[in-house]
2 protein chains.
Amino acid sequence: MDKKYWVPALEKSNLVLQAISEQPSSLKLIDLSKRLGINKSSMFSLLATMEALDWVVREEDATYSLGSKLGYIGNAFFKQFSLIDRFRKEASVTKHVIKETIQLAKLERNEVLYLAKEEMPSPVRLSSEPGIKYPAHATALGKAMLAWVAEPELGALYASETLDPCLTPHTLQQRSDLIRQLEDERLRVRLAGSGHGLLLCGCSGSFRQREGRRGDQLLHVPARMGGEAGAGPA
Amino acid sequence: MDKKYWVPALEKSNLVLQAISEQPSSLKLIDLSKRLGINKSSMFSLLATMEALDWVVREEDATYSLGSKLGYIGNAFFKQFSLIDRFRKEASVTKHVIKETIQLAKLERNEVLYLAKEEMPSPVRLSSEPGIKYPAHATALGKAMLAWVAEPELGALYASETLDPCLTPHTLQQRSDLIRQLEDERLRVRLAGSGHGLLLCGCSGSFRQREGRRGDQLLHVPARMGGEAGAGPA
DNA sequence: AACCTTGGTTTGATATACAAAACCAACTTC
DNA sequence: GAAGTTGGTTTTGTATATCAAACCAAGGTT
């Protein structure tokens with residue numbers, strides 16, 4: 001990462017917010033300082049400022065949790081995607097029909113950004129949350145989306161034979177393997193009318209919709225279909 | 001605001017994120033610099049860092065929108081409130097019965113924090129969004145919640161006769177007026193069984209529920225009842 | 001074609017933020 | 001009761017971030 005014109009305080013606060021997001025109401029100033037390798041006097045100033053800005057809240061037991069300003073900004077982020085409301089309306093019904101958790105995601109170059117989730121109780125606990133990104137080749141949902149990317153663009157996204165990163169022992173590592181799985185996915189959709197990514201409520205017009213002017217694809221998909229567990233990294 | 005141990009870069013980035021939240025995909029670097037009074041070379045470094053951290057995204061036309069990292073953190077903020085899921089399940093049905101937008105909010109001292117909203121089409125457009133806070137005395141929903149605050153605590157919250165801030169010409173300005181309206185609210189609930197704040201799906205156990213260990217009250221309320229328009233500042 | 005404007009990028013002097021050190025209060029251990 | 005530990009707060013010297021100035025590219029105006 002090029003740090004020529006860098007603002008270190010933002011990087012530090014990003015680390016702090018990430019840690020607090022993962023463990024709200026658990027971490028004190030000294031915990032954050034030790035865990036993140038940030039001097040406690042710097043951490044003192046960061047937390048005091050973030051508290052004043054309502055980015056974090058200091059609890060009575062001196063642990064920190066996220067503040068409402070980040071809720072507001074996060075809400076504004078999701079409001080950029082008008083499809084989320086339609087997804088929630090459709091999927092809150094569909095999930096009872098198929099008895100599976102359903103997620104809405106968009107493909108951003110070679111990553112999948114999760115936007116919304118309608119959950120059903122399931123032994124498989126999904127790790128993906130709205131706002132999180134995974135490499136597309138490392139998730140079932142991502143591969144379902146890549147299957148419909150034009151070949152030249154796919155070539156540009158995966159210029160080298162080795163795929164990075166490799167998140168789990170099951171994660172694909174070779175581009176040729178990826179290509180083969182994408183072909184299988186297209187074949188599965190054509191022959192059986194049911195792939196990982198097909199929308200199940202019958203309104204085919206919303207299957208792959210272009211959102212906003214970036215033209216990114218959006219897709220919602222049940223968590224478990226075709227025998228693969230989970231929409232998280234595989 | 002005491003700025004003794006202050007991190008100015010966080011304050012600047014807060015202003016930037018607020019502006020981008022309000023006008024996504026509209027503002028360029030020079031627009032943000034002029035509007036916020038931040039030097040354009042500082043703005044350059046701030047935006048470059050925020051972009052690298054995925055706090056913002058630079059569009060092809062050089063305008064900025066919010067990035068998914070803030071979506072993720074925002075989602076983490078709302079996940080702190082387990083009642084939101086229950087609210088959405090109940091309110092997505094109830095809103096069709098009463099044909100009103102319904103909101104979930106919590107009272108934090110003398111402010112109301114909005115947490116969720118289930119919308120119905122309405123001529124009255126609510127300004128409140130999840131994550132936003134308003135002074136409780138300045139909103140119908142806030143007053144509905146204050147009505148059930150113990151008197152000594154109410155006295156501590158409103159120590160002076162003059163109420164601040166005064167957001168609209170209709171905003172209450174005297175504590176005695178507020179007290180009177182809270183009495184009216186309680187009376188209305190007792191006599192007619194229908195105040196601004198009563199939950200309308202019949203599960204009285206969830207009327208005023210304590211959430212988390214802070215013991216803050218949570219309340220959901222239709223947008224328009226008792227003749228008052230809107231749950232925003234009044 | 002020459003000049004001007006605009007938005008963005010780079011430079012480097014200096015004002016200031018950072019963090020090492022010291023301090024403090026509360027609690028624990030001996 | 002004395003000494004030690006822990007988490008938080010304050011001080012202050014100095015390394016560095018900030019921003020004024022300069023530069024750059026692209027587009028507009030004359």
Side-chain angles (χ1 to χ4, degrees), chain A residues 1-67 69 213-214, chain B residues 1-67 69 213-214:
Chain A
M1 180 182 295
D2 179 27
K3 299 206 171 176
K4 201 164 186 198
Y5 309 107
W6 194 248
V7 181
L10 297 192
E11 181 177 14
K12 292 191 172 88
S13 70
N14 186 62
L15 294 171
V16 171
L17 291 172
Q18 183 96 31
I20 295 177
S21 294
E22 288 161 6
Q23 283 173 274
S25 303
S26 303
L27 302 169
K28 295 182 164 197
L29 187 156
I30 195 70
D31 298 321
L32 290 162
S33 172
K34 286 174 174 173
R35 174 176 307 205
L36 303 178
I38 297 172
N39 190 284
K40 61 181 179 171
S41 60
S42 306
M43 183 61 69
F44 181 86
S45 296
L46 283 168
L47 287 172
T49 306
M50 289 164 71
E51 188 182 355
L53 296 175
D54 213 355
W55 288 16
V56 300
V57 171
R58 180 182 176 159
E59 310 274 6
E60 282 169 15
D61 64 351
T63 61
Y64 286 87
S65 55
L66 294 171
K69 172 60 73 71
R213 60 180 194 261
R214 291 193 291 280
Chain B
M1 179 184 293
D2 179 26
K3 298 203 170 177
K4 203 166 185 194
Y5 308 106
W6 195 246
V7 181
L10 297 193
E11 180 177 15
K12 292 192 174 88
S13 70
N14 186 61
L15 293 172
V16 172
L17 291 173
Q18 183 96 31
I20 295 177
S21 294
E22 288 159 8
Q23 283 174 276
S25 303
S26 303
L27 302 169
K28 296 181 162 197
L29 186 157
I30 194 69
D31 298 321
L32 290 162
S33 171
K34 285 175 174 172
R35 174 177 307 205
L36 303 177
I38 296 172
N39 190 285
K40 61 180 180 172
S41 60
S42 308
M43 184 61 69
F44 181 85
S45 296
L46 282 167
L47 287 172
T49 307
M50 290 163 72
E51 188 182 355
L53 297 173
D54 213 357
W55 287 16
V56 300
V57 171
R58 181 182 174 159
E59 310 275 5
E60 281 169 16
D61 64 352
T63 62
Y64 287 88
S65 56
L66 294 170
K69 172 59 74 73
R213 61 180 193 262
R214 292 194 290 277

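Below, read A as the first sequence line, B as the second, and so on, with proteins coming before strands; counting in each chain starts at 1. In this text the structure is predicted, and so the values were computed from the model without any measurement.
- The side-chain heavy atoms of M50(B) and L10(A), taken from C-beta on, include a pair separated by under 4.5 Å.
- Applying a 4.0 Å cut-off to non-hydrogen atoms, none of the residues of residues 13-24 of chain A approaches DNA chain D.
- Each salt bridge (Lys or Arg N to Asp or Glu O under 4.0 Å) pair with one or both residues in residues 47-56 of chain B, not counting sequence neighbours, appears once here: K133(A)-D54(B).
- L17(A) and W55(B) get closest at one heavy-atom pair: CD1-CZ2, 4.4 Å.
- Picking from dC19(D), dG8(C), dT11(D) the nucleotide with the shortest atom distance to the side chain of K4(B) gives dT11(D).
- Residue pairs meeting the side-chain hydrogen bond (donor to acceptor under 3.5 Å, both in side chains) criterion with at least one member in residues 36-48 of chain B, sequence neighbours excluded, are N39(B)-S41(B).
- Contact between the side-chain N/O atoms of K28(A) and the OP1/OP2 oxygens of dT6(D) is not found at any separation under 4.0 Å.
- What separates CG of D61(A) from P of dG7(D) is a distance of 13 Å, to the nearest Å.
- The CG-P distance, from L27(A) to dG8(D), rounds to 11 Å in whole Å.
- Residue Y5(A) has no polar side-chain atom (N or O) positioned under 4.0 Å from OP1 or OP2 of dT9(C).
- A straight line from CG of L29(A) to P of dG7(D) spans 10 Å, rounded to a whole angstrom.
- Nearest heavy-atom pair, M43(B) versus L36(B), reported as atom, atom and distance to 0.1 Å: CE-CD1, 4.3 Å.
- Taking every heavy atom of residues 33-47 of chain A and every atom of DNA chain D, pairs under 4.0 Å involve K34(A), K40(A), S41(A), F44(A), by number.
- R35(A) and L27(A) get closest at one heavy-atom pair: NH2-CD2, 3.5 Å.
- Positionally, the nearest nucleotide of DNA chain D for R58(A) lies more toward the 5' end than for the other of P8(B) and R58(A).
- A close approach under 4.0 Å does occur between a side-chain nitrogen or oxygen of K12(B) and OP1 or OP2 of dC19(D).
- Identified under the salt bridge (Lys or Arg N to Asp or Glu O under 4.0 Å) test for residues 15-33 of chain A, with sequence neighbours left out: none.
- When each of V56(A), L15(A), T63(A) is paired with I20(A), the side-chain contact (heavy atoms from CB on, under 4.5 Å) condition holds for V56(A) and for no other.
- Across the protein-nucleic acid pair, E11(B) atom CD and dA17(C) atom C1' stand 14 Å apart, rounded to whole Å.
- Atom CH2 in W6(A) sits roughly 16 Å away from atom P in dT9(C) (whole-Å rounding).
- Judged as a ring pair (Phe, Tyr, Trp, His ring centres under 6.0 Å), not a single pair has a partner in residues 7-29 of chain B (not counting sequence neighbours).
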